[in-house]
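Right, one structure below, let's go through it.
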Amino acid sequence: MRIATWNVNSLKARMEADEKWLVRAEPDVLLIQETKLSDADAPVMPLGMLGYEVVHHGEGRWNGVGILSRVGATDVITNFGDGPVRDSSAGAATQVGEDDFDPFDEARMVSAVCGGIRFVSLYAPNGRVVDSPFYEGKLRWFERLERWLAETRAPDEPMVLGGDYNVTPADEDVWDAVKAHGGTHVSEPERAALARLRGWGLVDAYRETRPEPHRFSWWDYRAGNFHRNEGMRIDLLYATAPVATRVVWAEIDREARKGPPTPSDHAPVVIDVDQRGKPIDAGWEGALARMAARTKPRR
């Protein structure tokens, strides 16, 4: 089984790129984040034509998570089972904006059983600025995730929690730990939240398989950050031991970060369970070699 996670940064805006990648990589299960769609607007028909069942939990203009599966999808859970979330669509009776932040009233979690594995698609809050209300809300959201695991799940259950965690697990997951120091995505409380998830019984399935540094899943659109590889690994596939021990291959598909069409600012993270899936060239070797050549000191 091929499993992937990808923050698509608007499923409507990136639909062409998403369809191309599904054909390119042929994942059996793709966890998606930041769809920015209501459930009614989820592209069920075009994705169904590619062979994917769609489970979607959205609110309208912001956030939104989903699961695309070629191996079925049952026992759906949204929002940790805490009930419906707000309607942030343009036509909603009560209008909300990006600054109307309540992490527990936003579409950030959906789960389903696909092919005998419990999948959870997660979109953690960004946090914006350390010690801001957005940052404190982010830490509370991680506490809710921890509580959901403790109260409803077990480490011996086959399960994958994938998504945009908006946290780097360690310094090797950021382009420059010194420059990033003091900001969100690298702060100790955020990383401690990830460590508690691993302590509960989750394994960083990509990192266990691929120890190489300088391979990231997100790069800012601005200032040529992608071409200089100034990014972060914030898109993670955390798995329980019954799945993690079966992983045979992992990759971050850097090629999917390129256009045209205009790409997401994130790249898909992929793992293969039990056997290798369709071969893909993620482009890392050539890119890192070109960057190394550009940064050689002059004699």
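Atom set for the values below is all heavy atoms of this structure, side chains included, hydrogens, waters and symmetry mates excluded.
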| Is a side-chain N or O of Thr5 found less than 3.5 angstrom from the main chain of Leu237, in a donor-acceptor match? | no
| Transitive ILVMFWY side-chain link Trp21 to Leu37, under 4.5 Å | yes
| Nearest heavy atoms of Asn79 and Pro84, plus distance in Å | ND2-O, 4.3 Å
| Would Asp173 and Arg191 count as a salt bridge (charged side-chain N to carboxylate O under 4.0 Å, His left out) if you check the C-alpha gap in whole Å, the side-chain angles of each, and the deciding distance to 0.1 Å? | CA-CA 11 Å; Asp173 300 308; Arg191 287 181 171 175; over 6 Å; no
| query | Could Lys258 and Glu255 be called an ion pair, given the rule that one side-chain N must be under 4.0 Å from one carboxylate O? | reply | yes
| Do you know which of Ile67, Asp75, Leu68, Leu31 makes side chain to side chain contact (heavy atoms under 4.5 Å, CB included) with Cys114? | Ile67
| field | hydrophobic_cluster_shared for Ile77 and Val54, side chain cutoff 4.5 Å | value | no
| said: Restricting to side-chain contact (heavy atoms from CB on, under 4.5 Å), what partner residues turn up for Glu212, sequence neighbours left out? | reply: Arg210, Arg215
| Heavy-atom donor-acceptor pair, Thr168 side chain to Ile234 backbone, under 3.5 Å | no
| said: Side chains of Val85 and His57, heavy atoms from C-beta outward: is any pair under 4.5 Å? | reply: yes
| request: For salt bridge (charged side-chain N to carboxylate O under 4.0 Å, His left out), just list the numbers for Arg140 and Asp102, CA-CA rounded to whole Å, side-chain angles, deciding distance to a tenth of an Å, and then say yes or no. | output: CA-CA 10 Å; Arg140 292 198 310 272; Asp102 178 353; 5.8 Å; no
| Which distance, rounded to the nearest 0.5 Å, do you find between the CG of Asp18 and the CD of Glu16? | 10.0 Å
| query | side chain to side chain donor-acceptor pair (under 3.5 Å) with Asn7: which of Asp164, Asp265, Thr35? | reply | Asp164
| said: Walk me through whether Glu230 and Asp220 qualify under side-chain contact (heavy atoms from CB on, under 4.5 Å). | reply: CA-CA 8 Å; Glu230 294 180 1; Asp220 197 306; over 6 Å; no
| said: Under 4.5 Å between side-chain heavy atoms, counting indirect links through other Ile/Leu/Val/Met/Phe/Trp/Tyr residues: same cluster for Val110 and Val269 or not? | reply: yes
| Sidechain-backbone polar pair: Asp253 side chain, Pro268 backbone, donor-acceptor under 3.5 Å | no
| query | What closest approach, in Å, do Gly137 and Pro103 show between heavy atoms, and which atom pair accounts for it? | reply | O-CG, 3.6 Å
| request: Give a yes or no answer on whether the side chain of Glu172 reaches the backbone of Pro213 with a donor-acceptor pair at less than 3.5 Å. | output: no
| request: Decide whether Phe119 and Tyr123 are clustered together by the hydrophobic rule: side chain heavy atoms of Ile, Leu, Val, Met, Phe, Trp, Tyr closer than 4.5 Å, transitively. | output: yes
| Side-chain donor/acceptor of Ser217 to backbone N/O of Asp235, under 3.5 Å | yes
| remark: Between Leu122 and Val65 the two heavy atoms that sit nearest each other are C-CG1, 4.3 Å
| request: Keeping to residues at least two apart or across chains, list the ring-ring contact (aromatic ring centres under 6.0 Å, His included) pairs with something in residues 166-188. | output: none
| query | Between Arg118 and Val113, is any pair of side-chain heavy atoms under 4.5 Å apart? | reply | yes
| message | Hydrophobic clustering (ILVMFWY, side-chain heavy atoms < 4.5 Å, transitive) - are Leu139 and Met109 grouped together? | response | no
| Phe226 ring centre to Arg254 NZ or CZ under 6.0 Å, with the angle to the axis within 45°? | yes
| message | For Ala25, is there any backbone N or O sitting under 3.5 Å from a side-chain donor or acceptor partner on Lys278? | response | no
| Counting distance only, does the side-chain N/O of Ser121 pair as donor-acceptor with the main-chain N or O of Ile32 below 3.5 Å? | yes
| Does Lys36 reach the side chain of Lys12, with side-chain heavy atoms less than 4.5 Å apart? | no
| said: For the CD atom of Gln33 and the OH atom of Tyr165, what is their distance to the nearest 0.5 Å? | reply: 9.5 Å
| remark: Between the OG atom in Ser10 and the CE atom in Met15, the distance rounded to the nearest 0.5 Å is 11.0 Å
| field | Any side-chain heavy-atom pair of Phe104 and Asp82 under 4.5 Å | value | no
| Atom CG in Asp281, atom CD in Glu251: separation rounded to 0.5 Å? | 8.5 Å
| task | Tell me, with the steps shown, if Arg2 and Ile280 meet side-chain contact (heavy atoms from CB on, under 4.5 Å). | result | CA-CA 12 Å; Arg2 171 160 287 177; Ile280 57 173; 4.3 Å; yes
| For atom CZ of Arg276, is the number of surrounding heavy atoms from other residues, nucleotides or ligands below 6.0 Å larger than 12? | yes
| field | Shortest non-hydrogen contact from Pro155 toward Trp200 | value | CG-O, 3.3 Å
| said: Looking at every non-hydrogen atom in both residues, tell me the closest pair between Ala267 and Ile252 and how far apart they are. | reply: CB-CG2, 3.9 Å
| message | For Glu151, I'd like to know if atom CD has over 12 heavy atoms of other residues, nucleotides or ligands within 6.0 Å. | response | yes
| message | Would you compute the distance between atom CD of Glu59 and atom CG of Asp39 and round it to the nearest 0.5 angstrom? | response | 10.0 Å
| Would a distance-only check, ignoring hydrogens and angles, find a side-chain to backbone donor-acceptor pair under 3.5 Å from Asp87 to Ala92? | no
| query | Just by modelled atom types, is the Asp274 backbone N or O under 3.5 Å from a matching donor or acceptor in the Arg246 side chain? | reply | no
| request: Nearest 0.5 Å please: distance from the CD atom of Glu34 over to the CZ atom of Arg108. | output: 8.5 Å
| message | Would Tyr135 and Ser187 count as a side-chain hydrogen bond (donor to acceptor under 3.5 Å, both in side chains) here? Give the steps. | response | CA-CA 10 Å; Tyr135 179 83; Ser187 73; 2.8 Å; yes
| Trp218 and Asn9, any side-chain heavy atoms less than 4.5 Å apart | no
| task | Give the intermediate values and the outcome of side-chain contact (heavy atoms from CB on, under 4.5 Å) for residues Glu146 and Leu197. | result | CA-CA 7 Å; Glu146 293 170 39; Leu197 295 179; 3.9 Å; yes
| At their closest point, which heavy atom of Asp176 faces which heavy atom of Lys179, and how far apart are they? | OD1-N, 3.0 Å
| Does atom NZ of Lys20 have more than 12 heavy-atom neighbours, drawn from other residues, nucleotides or ligands, at distances under 6.0 Å? | no
| request: For residues Leu30 and Trp6, determine if any side-chain heavy atom of one lies less than 4.5 Å from a side-chain heavy atom of the other. | output: yes
| said: By the definition side chain to side chain contact (heavy atoms under 4.5 Å, CB included), identify the one residue from Val120, Ile3, Leu202 that meets it with Val160. | reply: Ile3
| request: Output, in order, the C-alpha distance, side-chain angles, deciding distance and verdict of side-chain contact (heavy atoms from CB on, under 4.5 Å) for Arg70 and Glu26. | output: CA-CA 10 Å; Arg70 300 197 300 183; Glu26 297 183 1; 4.1 Å; yes
| request: Using a 4.5 Å cut-off on heavy atoms from C-beta on, say whether the side chain of Leu11 contacts that of Pro43. | output: yes
| Given side chains that start at C-beta, do those of Pro169 and Tyr238 come closer than 4.5 Å, heavy atoms only? | yes
